[in-house]
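Shown next, in structure tokens, is the structure this report addresses.
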Amino acid sequence: MLNRYEDAAKKAAEKFRRTAVSAAQANIIPYKSENGQWIASPYDGNSWWTGGFWPGLMWQFYAATKDGFFLEEARRAEKLLVDEFRTFRALSHDVGFMYQLSCGADAKLTGNDQAYTDTLHAASLLMGRFNPAGYIRAWDGENRAGFAIIDCMMNLSLLFWASRETKDPRFAHVAKIHADTALREFIRPDGSVSHIIEFDPETGKRVREHPGQGYALGTQWSRGQAWGLYGFTLAYLNTQDARYLDAAQRIAANFIAHIRPDGLTDCDFCQPDTEERIDNIAGAVAACGLLELHKITGKEQHRSSALRLIDGLLDLCCDWTKNRCGLLTKCTASYHDDGAGRHTNITYGDYFLVEALAKLNGTDPMLWR
Ligand code: GLY
């Protein structure tokens, strides 16, 4: 008999197999489900930072089931993402999220040589965003030359991978410089992390913190906390540098202290009590980070906290309706901007919930390394 996590992963694979057909027919990369139907990202077409999560989901299901349908669907989305290299100008530091879960996964799971080349290309684009003043630039746009964001900790794995593959330390050097800057400038004494820090692009000196996707300046946007938790854990796995492990554990302790009694995650840990704003993506990302952290530390609190988060999502926020697209509900893209999605399904929430289940079930191909 399947346990609840195996059962959830099996049902998820069946649901996505059924609903992926409409995405393939429309030749879109699903961003979220609206009225039960997949819709593409409303921003920047296929260059939007979330494009890797759909193929990442397909590769997770392929790794678990070996069903060729998922491989075909992942490659369909991968082609759309690779086409974005030609236009290039809307791509950002998030090429790690985009291409490690698509081309990188393909290369890892099937040995596809072109996918391997495309993943190296993405790593080179990320290198091109490095400012030798000490950080990887997040976004393009006027007055943003000095912007770095905590989310980038997840993109660094692409650089560590490229150094291992090419036996050229340049990529890893850049990743470590950025991680050291994040260690120094983003982590606060209470273990919380800032979302956006602006540096002087000429000198690298800190200019100021900016309010990002959380409630307000200086508060704790929960998904940013989760990116820091998982991102520093990955930085440790890639370097064995104990400072990154210590950072991951401090961020984890703060995150764990803020898990709601029902296991769900507020959008910002400092939001007013009167506002019900949940971001289940944050809980799913944090669960993945905590499960990886548990493998390193062996601390029961890391695993039991991950289970509290996953159980909360399975108990309260999964839409198992057969023909409605999207699984995880109550995902919120940004505290103040409802346009990208508030309390709705968003595919990167689905991705991290499925990755967390795969970790528990022993099928996770660990696409981040
Ligand atoms: N990386 C952007 C976000 O988490 O919304």
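Counting starts at 1 for both ligands and their atoms, in listed order. By convention here, the first residue in the shown sequence is residue 1.
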Regarding [X] and [Y], do their side chains bring together a donor and an acceptor under 3.5 Å, going by distance alone?
| X | Y | result |
| --- | --- | --- |
| Thr363 | Asn361 | no |
| Asp311 | Tyr5 | yes |
| Thr219 | Asp268 | yes |

Any residue meeting side chain to side chain donor-acceptor pair (under 3.5 Å) with Tyr62, in chain and number order, not counting sequence neighbours: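 So Tyr62 forms no side chain to side chain donor-acceptor pair (under 3.5 Å) with any residue.
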What pairs with Glu78 under side chain to side chain donor-acceptor pair (under 3.5 Å), at least two apart in sequence or on another chain?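 Once residues adjacent in sequence are excluded, Glu78 has no partner under the side chain to side chain donor-acceptor pair (under 3.5 Å) criterion.
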Fellow cluster residues of Val207, listed by chain then number, with links counted only when side-chain atoms sit under 4.5 Å apart: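 So far as hydrophobic clustering goes, Val207 is joined with none.
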Polar pairs, ligand 1 vs protein, N/O only, below 3.5 Å.
{"from": "ligand 1", "atom 1": "1 (N)", "to": "Asp151", "atom 2": "OD2", "distance (Å)": "2.6"}
{"from": "ligand 1", "atom 1": "4 (O)", "to": "Asp151", "atom 2": "OD2", "distance (Å)": "3.4"}
{"from": "ligand 1", "atom 1": "4 (O)", "to": "Arg223", "atom 2": "NE", "distance (Å)": "2.9"}
{"from": "ligand 1", "atom 1": "4 (O)", "to": "Arg223", "atom 2": "NH2", "distance (Å)": "3.2"}
{"from": "ligand 1", "atom 1": "4 (O)", "to": "Trp227", "atom 2": "NE1", "distance (Å)": "2.9"}
{"from": "ligand 1", "atom 1": "5 (O)", "to": "Gln213", "atom 2": "NE2", "distance (Å)": "2.8"}
{"from": "ligand 1", "atom 1": "5 (O)", "to": "Arg223", "atom 2": "NH2", "distance (Å)": "2.5"}

